[in-house]
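All remarks here apply to the structure that follows.
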Amino acid sequence: MVHIETVTLNDKYVKGFVENEELAALQSFVEVAHKNMHTKTAIGSDYLGWLDWPSKMDDAELTRIEEAAQKIRETANVLVVIGIGGSYLGTKAVNELLGSSFGFNQTEIIYAGQNISGKYMEELLTYIKGKNVALNVISKSGTTTEPAIAFRMLRTWMYETYGEEAKERIFATTDKTGGALRKNVDANGYTSFEIPGDVGGRYSVLTAVGLLPLAVAGVDIRALLKGAEQAEQELQSVDLSSNAAYAYAAYRQILNSRGFSVEVLASFEPSMSAFHEWWKQLFGESEGKQGKGIFPASVIYSTDLHSMGQYMQNGRRMLFETMLRFTEDQQQTQIPFDENDEDGLNYLTDKTLHEVNMQALEATALAHVEGGVPVITLDVGKIDAHHVGYLIYFFMKSCAMSAYLSGVNPFDQPGVELYKQNMFELLGKPGYEKKE
Ligand code: PA5
């Protein structure tokens with residue numbers, strides 16, 4: 001495989017907060033966690049299927065996904081992706097990062113089932129009226145209430161609008177056997193795709209969960225997978241000085257142990273906003289258990305320098321920051337020269353927006369370090385499918401390592417159950433009646 005410069009960790013703004021000995025002390029723990037992960041003997045190892053997924057994904061299945069996506073692109077100008085959590089956040093993240101901030105490629109992707117808002121659903125139904133619509137309902141368990149309600153409502157709308165042809169426009173992505181969604185698929189003959197049993201929701205964006213809607217959106221899903229495959233191969237080293245994903249995990253845990261319990265992911269690229277949400281779910285749901293975990297937060301700069309910047313600089317000191325820097329200037333957008341220079345900006349005319357943005361990053365990092373905020377910098381080559389695939393895998397692997405270093409299972413989410421039980425009880429779901 002051709003080597004492409006992808007993700008590197010720059011530690012110059014975190015060095016002052018972490019001793020070399022602290023990193024060295026974690027090395028042996030990293031080695032044990034790595035070995036357990038790769039021999040699939042670690043806690044939660046039933047859900048380690050994502051680890052070698054990029055290299056093992058079946059080409060025939062990939063082709064089937066591409067063919068279904070092509071069919072959707074030909075028949076629909078709107079694809080409604082129904083799902084919650086890991087069943088939609090990865091798609092939204094990649095689609096918004098690789099797509100345009102204004103407009104869309106050919107078929108627009110919109111989302112449902114990630115809330116139970118009547119306002120949102122009514123607005124969505126109004127929006128799709130008169131448009132050519134397809135559905136992709138995604139649920140691994142096939143039993144999650146929010147997407148199940150949305151699917152029932154949208155399925156009803158589809159049959160009312162298209163009659164029996166609705167069946168050709170509904171695509172399901174779910175577990176091979178279990179769950180109500182699988183029953184629905186089997187009963188109605190919808191085209192379906194499988195979520196591997198050993199890949200959990202928040203680690204599933206590189207499976208059909210993300211690949212089908214992303215292919216519809218026009219993303220080069222083969223390049224996305226190739227990028228992830230490069231990461232799979234490169235992030236095998238146990239040495240903290242040569243594996244940036246593990247170094248990132250180690251820095252996070254050391255900072256956490258020193259009282260920096262909130263991590264703020266900062267990007268200087270507005271189209272990273274949904275990616276931040278995917279990242280928050282990945283780390284929040286993987287690490288936040290047993291009274292442990294680093295609270296994941298995020299900001300988009302410069303925008304948030306004028307809202308959260310004050311807190312970052314002078315607020316309570318429990319924050320560390322991870323800055324994502326896309327290094328290549330892909331647009332080379334020049335600031336124009338103005339003869340009169342009333343706004344005094346001519347001193348910038350030999351620079352591109354990217355160069356100014358990167359100086360804003362440097363200036364912010366310097367200021368925050370001075371204000372007592374450790375800053376880890378992750379340099380990413382550029383914004384394209386290959387690098388985004390790499391970055392996704394990078395974060396999944398660092399997240400798993402970080403969770404193992406803190407002694408928790410990265411792949412369960414026992415805390416998500418309690419609200420569901422309470423909701424079922426309050427709504428009177430059969431079998432969940434309130435006990436006297
Ligand atoms: O990461 C996870 O496992 C969760 O966020 C799930 O993706 C989310 O709860 C949705 O579950 P499901 O796909 O079973 O409907």
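All ligand and atom numbering here is 1-based and tracks the order in the structure. One is the number of the first residue; the rest follow in order along the sequence.
- Residue-ligand proximity, Gln413 to ligand 1, at heavy-atom distances under 4.0 Å covers atoms 3 (O).
- Taking every non-hydrogen atom of Glu285 and a distance limit under 4.0 Å, the qualifying atoms of ligand 1 come out as 1 (O), 2 (C), 4 (C), 5 (O).
- For atom 9 (O) of ligand 1, no protein heavy-atom neighbour is found at a distance under 4.0 Å.
- Centroid-to-centroid, the aromatic rings of Tyr432 and Phe424 come within less than 6.0 Å.
- Checked for salt-bridge contact, Glu417 and Lys420 meet the test: a charged N lies under 4.0 Å from a carboxylate O.
- Looking only at atom types and distance, the side chain of Ser273 has no donor-acceptor partner in the side chain of Glu96 under 3.5 Å away.
- Among all non-hydrogen protein atoms, the one lying nearest atom 11 (O) of ligand 1 is Thr144 OG1, 3.5 Å.
- For the pair Met396/Leu51, no side-chain contact is recorded, criterion being any heavy-atom separation below 4.5 Å from C-beta on.
- Not one N or O on the side chain of Thr173 forms a donor-acceptor pair closer than 3.5 Å with the backbone of Ile138.
- Per-residue contacts place Ser141 under 4.0 angstrom from the following atoms of ligand 1 (heavy atoms of the residue considered): 12 (P), 14 (O), 15 (O).
- Listed by number with element, the atoms of ligand 1 under 4.0 Å from a non-hydrogen atom of Ile84 are 7 (O), 8 (C), 10 (C).
- When hydrogens are left out, the protein atom nearest atom 7 (O) of ligand 1 is Gly86 N, 3.0 Å; that is the closest non-hydrogen contact.
- In terms of protein heavy-atom proximity, atom 5 (O) of ligand 1 is nearest to Gln281 NE2, 2.5 Å.
- When only non-hydrogen protein atoms are considered, atom 3 (O) of ligand 1 lies nearest to Gly201 N, 3.5 Å.
- Applying the 4.0 Å criterion to heavy atoms of Arg202 picks out, from ligand 1, the atoms 1 (O), 2 (C), 3 (O).
- Under the 4.0 Å criterion applied to side-chain N and carboxylate O atoms, Glu287 and Arg252 are assigned as salt-bridge partners.
- Under 4.0 Å is where a charged nitrogen must lie from a carboxylate oxygen, and between Glu61 and Arg64 at least one such pair does.
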